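In this chain, residues are counted from 1 in sequence order. Note that the coordinates shown come from a computational prediction; the quantities given were computed from them, not determined experimentally.
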Amino acid sequence: MKKSVVLYKKLSAPLMARLHEHAEVTLIDALDPPGLAKLRDALPGAHGLLGASLRLDAALLDLAPQLEAVASVSVGVDNYDIEYLTRRGILLSNTPDVLTETTADTGFALILATARRVVELADMVRAGQWHKNIGPAHFGSDVHGKTLGIIGMGRIGEALAQRGHFGFGMPVLYHSHSPKPQVEERFGAQYRRLNDLLQQADFVCLTLPLTAETERLIGAQEFALMGPETIFINISRGKVVDEAALVEALQQRTIRAAGLDVFEREPLPHDSPLLRLNNVVATPHIGSATHETREAMAECAVDNLLAALAGQKPKNLVNPGAWMQ
Ligand code: 8YV
């Protein structure tokens, strides 16, 4: 008897075929009200869930008494009540590694686009407003040789450091739970306490997960420690930042500019004050959003899910305490 899997993220045809071979599949086409109603109806019979970008809390998962495994198509796991899943012995997996390089590329895309005002000036050209040679009013800031500050030295932070060091000759400062000697050796990176990094870096980049400890880590006090030429980059999670304080810092030029791929609310509301500032580059959470990487993530998630449903330990198990249940 095939087990029941509920998908709330569309997969490619090859991956769908693979899942159908091993499981009874229910696909939730969209996370709109009808889709969420269909999801709730399917949960009582579900053994496995696969998807992303949906908060799976106790209220929802109490509807799934047979649930054995949740495979997230993401590296971030802040959408999951991990203690609840572990208590129920439900295996949660994610998709690290396969998205590291692409997400670090996104980080550098934002560094360059924000420093050199690419979006603002490209829009000026498109609007037919390029009438003469660019002057100081439209100059950006250099990236090469500037100091790159990375908050959260995990896989993505390390890939960002690699790009800064080898690609742009940037001195690298980092802040993390613990010193990372391999990063210091490979990229000449130097560990800094958070406040020192904020004062010394030209680019302050957030690459850390959203946890109870990191929520609103960067607020008014932290922005005040940065300088008027500092450029702030967030490719982690919007809620690591006090977004109202960020808006204020940008409006008051406490910092020079911000390149943001994540926001407190997503999609970012059209009336967000961030969208009325020309010193903001805002992208719609595209960190891992390439054809190649999203397919690799989905394949990783399918591998994790099928392993779990077959009684094997998934490669990317987030909550090992559930495995020992
Ligand atoms: C997207 C991400 O949320 O992996 C993460 O944690 O933030 C992004 O990759 C994810 O890819 C959505 O499917």
Inset, instruction - Decide, yes or no, whether a salt bridge links Arg265 with Glu243 under the criterion of side-chain N to carboxylate O below 4.0 Å. - result: no
Which side-chain N or O atoms in residues 91-102 pair as donor and acceptor under 3.5 Å with protein atoms at least two apart or in another chain?
residue	atom	partner	partner atom	Å
Asn94	ND2	Val75	O	3.0
Thr95	OG1	Ser74	N	3.2
Thr95	OG1	Ser74	O	3.2
Asp97	OD1	Arg155	NE	2.8
Thr100	OG1	Asp97	O	3.3
Glu101	OE1	Arg163	NH1	2.9
Glu101	OE1	Arg163	NH2	2.7
Thr102	OG1	Thr293	OG1	2.5

Inset, instruction - Identify whether the distance between the nearest side-chain nitrogen and carboxylate oxygen of Arg186 and Glu158 falls below 4.0 Å. - result: yes
Inset, instruction - Just say parallel, tilted or perpendicular for the rings of Phe108 and Phe168, cut-offs at 30° and 60°. - result: parallel
Inset, instruction - Return yes if some donor-acceptor pair links the side-chain N/O of Arg55 with the main-chain N/O of Asp78 below 3.5 Å, else return no. - result: yes
Inset, instruction - Please identify each residue that fulfils side chain to side chain donor-acceptor pair (under 3.5 Å) with Gln251, with sequence neighbours left out. - result: none
Inset, instruction - Check whether any side-chain N or O of Asp202 sits under 3.5 Å from a backbone N or O of Thr230 as a donor-acceptor pair, and report yes or no. - result: no
Legend entry - All side chain to side chain contact (heavy atoms under 4.5 Å, CB included) counterparts of Lys315, not counting sequence neighbours: Asn304
Inset, instruction - Spell out, as yes or no, whether a donor-acceptor pair under 3.5 Å connects the side chain of Thr207 to the backbone of Gly152. - result: yes
Inset, instruction - Please answer whether the main-chain N or O of Leu260 pairs with a side-chain N or O of Asn234 as donor and acceptor at a distance below 3.5 Å. - result: no
Legend entry - Partner of Leu7 by side chain to side chain contact (heavy atoms under 4.5 Å, CB included), out of Thr26, Leu39, Leu19: Leu19
Inset, instruction - Quick one: list whatever passes side chain to side chain donor-acceptor pair (under 3.5 Å) with Arg256, sequence neighbours left out. - result: Ser141, Glu229
Legend entry - Donor-acceptor contact present, side-chain Asn319 to main-chain Ile90, <3.5 Å: yes
Inset, instruction - Quick one: list whatever passes side chain to side chain contact (heavy atoms under 4.5 Å, CB included) with His138, sequence neighbours left out. - result: Arg117, Leu121, Met124, Ile134
Legend entry - Under-4.0 Å salt bridge between Arg237 and Asp261: no
Inset, instruction - Mind checking salt bridge (Lys or Arg N to Asp or Glu O under 4.0 Å) for Asp196 and listing every partner two or more places apart, or none if nothing turns up? - result: Arg193
Legend entry - Flag for Glu295-Ser12: side-chain donor and acceptor within less than 3.5 Å: yes
